[in-house]
Amino acid sequence: MSASAMNTVINNNRKLLTKRDRLKNTLSGYKRPLKVEYTWPKASTKQLHSIRRRLKEERQIRMLKVVTLTLLLCVLMLVGLLYMYAQL
């Protein structure tokens, strides 16, 4: 590949880059986005324990629902297969 062809490829690739980064150093109104800082209140150990207990209960309920739904779908598939097999 010749040098002029390589320069053409490089220039084409440079044109594909985002132009937003080039606007940083201009005199226009570019401002960096400010990082939002939150001030959260400190949680006591009692609050942390209650949150932990509530999350465990929610996780158990969700797991029970998943297992129940999975078993129900498996039973329905088994019944459907047995029904199809009985038709043959």
Side-chain angles (χ1 to χ4, degrees):
M1 190 178 254
S2 67
S4 65
M6 288 174 59
N7 283 336
T8 305
V9 170
I10 290 172
N11 287 334
N12 287 337
N13 287 340
R14 191 174 292 135
K15 288 177 187 175
L16 292 175
L17 288 174
T18 179
K19 293 171 181 46
R20 184 174 296 252
D21 292 337
R22 292 187 202 164
L23 297 175
K24 281 184 184 177
N25 299 324
T26 61
L27 295 175
S28 64
Y30 178 81
K31 293 180 182 177
R32 289 187 177 168
L34 299 175
K35 183 177 179 183
V36 179
E37 294 185 17
Y38 297 103
T39 54
W40 298 103
K42 299 292 181 185
S44 67
T45 56
K46 187 176 181 180
Q47 289 173 328
L48 292 175
H49 285 296
S50 66
I51 291 170
R52 180 182 297 160
R53 184 174 22 90
R54 189 175 67 232
L55 287 175
K56 281 184 179 182
E57 289 173 0
E58 288 175 4
R59 192 179 309 125
Q60 285 178 349
I61 291 171
R62 189 179 331 119
M63 196 61 174
L64 180 65
K65 289 178 182 179
V66 167
V67 168
T68 305
L69 185 64
T70 304
L71 287 175
L72 182 66
L73 289 175
C74 288
V75 167
L76 286 175
M77 285 178 50
L78 184 63
V79 167
L81 286 174
L82 289 174
Y83 180 76
M84 286 175 42
Y85 183 71
Q87 294 294 325
L88 296 176

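- Other residues, nucleotides and ligands contribute more than 12 heavy atoms inside 6.0 Å of the CD atom of Gln87.
- Across all their heavy atoms, Lys42 and Gln47 have their closest contact at O-OE1, 4.2 Å.
- When all heavy atoms are compared, the tightest approach of Val66 to Thr70 is O-OG1, 2.7 Å.
- By the side chain to side chain contact (heavy atoms under 4.5 Å, CB included) test, Thr68 pairs with Leu64, sequence neighbours left out.
- The CE atom of Met6 sits 10.5 Å away from atom OG1 of Thr8, with the distance rounded to the nearest 0.5 Å.
- Membership of the apolar cluster around Leu73 extends to Leu69, as traced through chained side-chain contacts below 4.5 Å between ILVMFWY residues.
- Residue Ile61 shares its hydrophobic cluster (ILVMFWY side chains chained together at separations under 4.5 Å) with no other residue.
- Separation of atoms CG (Asn7) and CG (Asn12) is listed at 11.0 Å; rounding is to 0.5 Å.
- Using a 4.5 Å heavy-atom cutoff, the side chains of Arg52 and Lys56 are in contact.
- Trp40 and Val36 fall within the same hydrophobic cluster, where Ile, Leu, Val, Met, Phe, Trp and Tyr residues are linked whenever their side-chain heavy atoms come under 4.5 Å apart, directly or through other members.
- Leu16 contributes atom CG, which lies 11.0 Å from atom CG of Asn11 (distance to the nearest 0.5 angstrom).
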